[in-house]
Amino acid sequence: MSRTRTLLLSLALSAGTFAGTYAAVRPLVVQEPEMPEVTEHHKRVLAGAGEWEGTITMFMPGMDPMTSPAAETVTALGDYWTTSNFTSDMGGMAFKGHSTMGYDTEKKQYVGTWIDSTATYLTVTHGEFDAAKNALVMHWKGPNYMGQNELIDFRSETVSRADVSVSTFYMGEGAGTKHMEIKMKRKAAAK
């Protein structure tokens with residue numbers, strides 16, 4: 001057999017092998033992944049999307065409560081997540097925060113993150129919906145802002161009805177001590 005025929009036969013066999021392999025792999029390459037089901041939990045998270053305004057009140061031991069105006073823009077990210085930009089003016093100091101919120105169907109819990117302009121700590125939260133309280137209850141560990149350099153337990157309970165949302169924050173073990181409350185009302189949509 002001539003050298004040219006051997007080369008052509010090799011190329012033909014290689015092409016046949018490649019075509020067979022490609023045909024077997026191709027369905028895996030072009031098949032789109034199945035999207036996760038949108039659950040009632042995801043719908044609960046996305047119900048918070050919108051423009052919000054209200055107040056944030058801080059409760060510090062031995063001091064009168066300090067209330068400041070607050071605003072928040074919550075944006076839906078697809079069918080599963082929201083992101084949020086929160087702003088306030090606390091005692092003359094500009095405050096900005098950013099969060100993510102969703103429901104993890106693998107962990108079967110709500111999950112979120114929080115960062116803000118006053119701390120270097122990334123807060124990672126997890127929680128559940130308490131039907132008896134009609135509240136989304138989130139838990140996390142974070143720095144003790146009362147002067148100690150230790151991580152302590154925090155909890156928030158958010159009750160949302162239509163266009164009103166109240167989040168109450170507690171620090172410490174067990175029932176904890178109330179240290180913050182955020183009351184927000186959804187702004188009317190522009191016409």
Side-chain angles (χ1 to χ4, degrees), residues 39-42 44-49 52-75 77 80-161 164-186:
T39 69
E40 65 185 83
H41 305 290
H42 298 114
R44 182 174 288 119
V45 170
L46 267 63
W52 298 80
E53 60 188 355
T55 59
I56 179 171
T57 302
M58 303 296 293
F59 301 94
M60 305 297 280
M63 299 173 63
D64 290 335
M66 182 177 75
T67 301
S68 304
E72 184 175 26
T73 301
V74 180
T75 305
L77 183 63
Y80 310 108
W81 298 93
T82 59
T83 61
S84 150
N85 287 305
F86 183 91
T87 58
S88 183
D89 181 356
M90 295 183 172
M93 183 177 77
F95 177 86
K96 294 180 182 181
H98 183 77
S99 72
T100 60
M101 176 64 74
Y103 183 80
D104 186 322
T105 54
E106 296 295 320
K107 294 179 180 177
K108 299 193 181 326
Q109 60 183 211
Y110 292 87
V111 293
T113 60
W114 173 262
I115 55 172
D116 65 55
S117 59
T118 65
T120 61
Y121 188 79
L122 169 67
T123 300
V124 178
T125 64
H126 61 90
E128 65 284 334
F129 184 75
D130 184 331
K133 293 181 178 181
N134 191 33
L136 180 60
V137 180
M138 300 298 286
H139 307 270
W140 65 96
K141 287 202 175 284
N144 182 348
Y145 296 110
M146 298 300 176
Q148 293 130 353
N149 251 351
E150 61 181 339
L151 295 182
I152 62 170
D153 292 329
F154 285 88
R155 179 180 88 255
S156 68
E157 298 183 6
T158 301
V159 177
S160 298
R161 291 188 176 87
V164 175
S165 175
V166 177
S167 298
T168 307
F169 296 78
Y170 302 89
M171 59 189 295
E173 295 179 356
T177 302
K178 180 176 173 179
H179 75 96
M180 184 170 57
E181 185 176 70
I182 301 175
K183 295 181 177 180
M184 302 294 272
K185 184 175 181 182
R186 193 187 314 259

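Since this is a predicted model, take the numbers as computed values, not measurements.
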A.B. asks: I need the full list of salt bridge (charged side-chain N to carboxylate O under 4.0 Å, His left out) pairs touching residues 107-129, with sequence neighbours left out, sorted by first then second residue.
C.D. replies: none
A.B. asks: Can you sort out the partners of Tyr110 under ring pair (Phe, Tyr, Trp, His ring centres under 6.0 Å), two or more places apart, ordered by chain and number?
C.D. replies: His41, Tyr103
A.B. asks: Using every non-hydrogen atom in the two residues, find where Ser88 and Ile56 come nearest and quote the distance to one decimal.
C.D. replies: OG-CG2, 3.4 Å
A.B. asks: Do Asp130 and Glu157 come close enough that some side-chain heavy atom pair is under 4.5 Å?
C.D. replies: no
A.B. asks: If the condition is side-chain contact (heavy atoms from CB on, under 4.5 Å), which residues does Asn85 pass it with, not counting sequence neighbours?
C.D. replies: His98
A.B. asks: Quick one: side chain to side chain donor-acceptor pair (under 3.5 Å) partners of Thr39, sequence neighbours excluded?
C.D. replies: His42
A.B. asks: With side chains defined as the heavy atoms from C-beta onward, is the minimum distance between Asp153 and Arg155 less than 4.5 Å?
C.D. replies: no
A.B. asks: Who are the side-chain contact (heavy atoms from CB on, under 4.5 Å) partners of Ser165, not counting sequence neighbours?
C.D. replies: Trp52, Thr158, Ser160, Ser167
A.B. asks: For Asn144 versus Met171, what's the shortest heavy-atom pair and its separation?
C.D. replies: OD1-CE, 3.8 Å
A.B. asks: How long is the span from the OG atom in Ser117 to the CE atom in Met93, to the nearest 0.5 Å?
C.D. replies: 6.5 Å
A.B. asks: Under the rule for ring pair (Phe, Tyr, Trp, His ring centres under 6.0 Å), what residues qualify as partners of His126, not counting sequence neighbours?
C.D. replies: His139
A.B. asks: Are Tyr121 and Leu151 close enough that some pair of their side-chain heavy atoms sits under 4.5 Å apart?
C.D. replies: yes
A.B. asks: Can you list everything that forms a ring pair (Phe, Tyr, Trp, His ring centres under 6.0 Å) with Trp114? Sequence neighbours excluded, please.
C.D. replies: none
A.B. asks: Using salt bridge (Lys or Arg N to Asp or Glu O under 4.0 Å) as the criterion, list what pairs up with Lys183, not counting sequence neighbours.
C.D. replies: Glu181
A.B. asks: In chain order, what residues pass the side chain to side chain donor-acceptor pair (under 3.5 Å) check against Thr83, with sequence neighbours excluded?
C.D. replies: none
A.B. asks: Identify, with sequence neighbours excluded, every residue that meets ring pair (Phe, Tyr, Trp, His ring centres under 6.0 Å) alongside Phe154.
C.D. replies: Trp140, His179
A.B. asks: With rounding to the nearest 0.5 Å, note down the distance linking CZ in Phe59 to OH in Tyr170.
C.D. replies: 9.5 Å
A.B. asks: Sequence neighbours left out, what passes side chain to side chain donor-acceptor pair (under 3.5 Å) with Thr73? Give chain and number order.
C.D. replies: Glu51
A.B. asks: What's the separation between atom CD1 in Ile182 and atom CE in Met180, rounded to the nearest 0.5 Å?
C.D. replies: 4.5 Å
A.B. asks: Let me check something: any side-chain donor-acceptor pairs from residues 65-72 under 3.5 Å, sequence neighbours excluded? List them with distances.
C.D. replies:
from: Thr67; atom 1: OG1; to: Thr57; atom 2: OG1; distance (Å): 2.9
from: Ser68; atom 1: OG; to: Asp89; atom 2: O; distance (Å): 3.1
from: Glu72; atom 1: OE2; to: Ser84; atom 2: OG; distance (Å): 2.5

A.B. asks: Rounded to the nearest 0.5 Å, what separation is found between the CE atom of Met184 and the OG1 atom of Thr55?
C.D. replies: 8.0 Å
A.B. asks: Quick check for you: to the nearest 0.5 Å, what is the distance between Thr87 atom OG1 and Glu53 atom CD?
C.D. replies: 10.5 Å
A.B. asks: List the atom of Thr113, the atom of Thr100, and the distance in Å for their closest heavy-atom pair.
C.D. replies: OG1-OG1, 2.5 Å
